[in-house]
There are 2 protein chains.
Amino acid sequence: MNGEPERRTGPVPKSVLARGLRLLDAFGSGDAELTLAQLAARTGLPKPTAHRLLGELVRWGGVERTAGGYRLSMRLFVLGQRAPRPRGLREAALPYLEDLYEATHENIHLAVLDGVDTLFLEKVTGRRAMPIVSRVGGRLPAYCTATGKLFLALGPADRLRQVLAAGLAHYTPRTIVMPGLLRRELDRTLERGYALNREESEAGVSAIAAPIIDADGGVTAAISITGSSRRLDLERLAPAVRTAARALSRELAR
Amino acid sequence: MNGEPERRTGPVPKSVLARGLRLLDAFGSGDAELTLAQLAARTGLPKPTAHRLLGELVRWGGVERTAGGYRLSMRLFVLGQRAPRPRGLREAALPYLEDLYEATHENIHLAVLDGVDTLFLEKVTGRRAMPIVSRVGGRLPAYCTATGKLFLALGPADRLRQVLAAGLAHYTPRTIVMPGLLRRELDRTLERGYALNREESEAGVSAIAAPIIDADGGVTAAISITGSSRRLDLERLAPAVRTAARALSRELAR
DNA sequence: CCGCCCGTTTCGGTGAATGGAATCCCGCGC
DNA sequence: GCGCGGGATTCCATTCACCGAAACGGGCGG
């Protein structure tokens with residue numbers, strides 16, 4: 001009936017804390033602000049309960065009231081910045097990302113694997129770069145992104161199995177949706193040492209990515225250059241991304 | 001006895017949700033990970049209670065267990081990125097910040113006022129920029145930063161009153177701690193239209209900032225260039241920051 | 001004017017949450 | 001090897017914070 005995606009994951013938890021946290025989760029990336037009724041519907045909580053818990057979240061400061069709704073507040077942003085895992089990585093990577101941006105003036109991403117998705121931890125962009133959908137904190141399926149292919153190609157075989165089990169969907173006509181073809185593509189990725197995305201996630205958009213490797217030889221992250229298919233000569237950019245990725249890997253391993 | 005700052009703000013709340021959220025707040029920016037005992041002490045919660053609630057936070061995913069402790073997780077970072085207020089501003093500002101970085105190769109900040117502090121929403125930096133203490137999500141007193149002075153100089157008079165009430169402390173020998181001198185400095189800031197910080201927050205570090213103005217003429221944010229006092233010629237940088245700030249203001253007002 | 005849907009408030013019953021106490025599990029010193 | 005201190009974890013009887021159906025108020029559209 002309504003355009004809202006069904007967000008309910010299992011039954012409503014009985015514990016107050018879990019219910020309150022579910023309210024936070026109910027805010028999707030799409031929605032700037034939500035009404036009480038929407039939040040109650042999404043979380044499955046009775047309206048009075050949602051109302052009471054939201055009141056508490058507002059008092060805490062993580063949520064703020066607006067005329068006719070609720071939205072996540074800056075305080076939550078600040079809290080999130082304290083998380084050590086993305087922070088160290090982002091701060092170490094930033095200089096390298098800036099170098100790549102300056103050299104290419106295209107979109108530069110830092111991403112990690114999260115489940116079966118590539119999750120963008122940082123995005124450096126500018127006026128001259130082609131506008132694309134990705135956002136910091138946003139995600140795309142691993143199988144149709146340059147960074148994601150690295151996690152699949154260089155990671156344990158089980159990862160790919162999970163991705164295939166979850167199913168491959170078309171994002172563009174060029175998205176690789178045949179498991180066999182994807183395997184071939186990942187094999188090539190592995191032997192090349194870098195990954196490509198030729199309009200597989202967004203029409204007209206291509207990318208090249210190189211892996212960040214930890215001391216044990218595992219892929220922990222990836223950096224990519226993304227831009228207009230027409231303008232980008234991916235192969236020509238390979239040395240730059242790979243050099244940056246290798247330098248960052250070395251710095252992180254220290 | 002212990003080096004931990006006293007984090008308790010008032011008495012322990014009785015509501016479960018507020019208690020759980022207090023556990024999240026207990027993670028300062030300094031500490032990568034905390035033990036159960038530390039968290040219980042900081043929040044004032046009995047150990048079994050803290051243990052139970054942390055278990056729930058871990059199940060939710062916002063906190064993760066490590067060998068011998070707890071830490072904030074990537075999920076919290078992602079959640080924070082969804083907050084609309086900082087996000088729109090950051091995304092709009094990024095191209096301008098990149099331009100400034102490319103032109104100067106110094107540290108570029110985007111900041112807003114939060115209470116009596118300047119809060120950094122974005123930081124663009126690189127290898128050639130002087131390393132400084134500021135971090136995304138971090139804060140410094142408004143009275144000793146270039147961005148902060150703008151909020152005080154261009155904002156309502158009450159802001160300054162609050163800052164003075166909170167007290168002025170030395171961060172460096174050059175920090176302005178005399179209310180009269182600070183007023184003079186803010187007057188000059190107001191008439192110039194941009195703000196300076198000459199080693200007032202960190203030794204050897206200077207900065208220049210320009211304000212982001214909304215449609216009603218209020219300061220909503222500020223951008224700054226920060227670097228080595230020796231290397232930076234602040235006055236020479238003024239046109240660049242001011243132009244960027246004015247352009248961003250116009251874009252946001254649209 | 002009326003019906004609809006939203007947000008807000010009320011309130012008595014109840015089970016989720018509580019936290020003191022007991023237990024377990026180290027690492028350390030002797 | 002053995003006792004000891006400090007942290008983490010488990011138990012469980014008590015209780016009070018939480019619940020949510022129901023009722024209420026208020027704006028909007030028909």
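Proteins get letters first, then strands, A, B, ... in listed order; numbering begins at 1 in each. FYI, side chains are in, hydrogens and waters are out, and symmetry mates aren't considered; it's all heavy atoms of this structure.
- One can place CG of L36(B) at 15 Å from C1' of dC26(C), the figure rounded to the nearest angstrom.
- Atom CG of D31(B) is separated from atom OH of Y70(B) by 15.5 Å, given to the nearest 0.5 angstrom.
- Per the geometry, CG belonging to L34(A) stands 15 Å off C1' belonging to dC6(C), to the nearest Å.
- Of the charged side-chain nitrogens involved, none lies within less than 4.0 Å of a carboxylate oxygen, so that R22(B) and D25(B) do not count as a salt-bridged pair.
- Heavy-atom distances to DNA chain C give each of Y70(A) and L53(B) a nearest nucleotide, and the one nearer the 5′ end belongs to Y70(A).
- With dT18(C), dC19(D), dG7(C) as the candidates, the nucleotide lying closest to the side chain of V16(A) is dC19(D).
- Taking atom CG on L45(B) and atom C1' on dT18(C), their separation rounds to 11 Å, with Å as the unit.
- Between the side chain of K47(A) and the base of dG7(C), a donor-acceptor pair under 3.5 Å is found.
- Within the 4.0 Å cut-off from OP1 or OP2 of dC11(D), not a single side-chain nitrogen or oxygen of R52(B) is found.
- Cation-pi check for R246(B) over Y96(B) is not met; the charged atom does not lie both under 6.0 angstrom from the ring centroid and within 45 degrees of its normal.
- Proximity of H51(B) to the phosphate of dT9(D): a side-chain N or O atom is located under 4.0 Å from OP1 or OP2.
- Ring geometry for Y171(A) versus Y143(A): interplanar angle over 60°, hence perpendicular rather than tilted (30 to 60°).
- At least one side-chain nitrogen or oxygen of R19(B) sits closer than 4.0 Å to the OP1 or OP2 atom of dT18(C).
- Closest to the side chain of A37(B), from the set dA8(D), dT8(C), dA16(C), is dA8(D).
- Heavy atoms of P48(A) sit under 4.0 angstrom from at least one base atom.
- The shortest distance between the side-chain N/O atoms of T49(A) and the OP1/OP2 oxygens of dC19(D) is not below 4.0 Å.
- Taking only side-chain nitrogens and oxygens, R65(A) never comes nearer than 4.0 Å to OP1 or OP2 of dG7(C).
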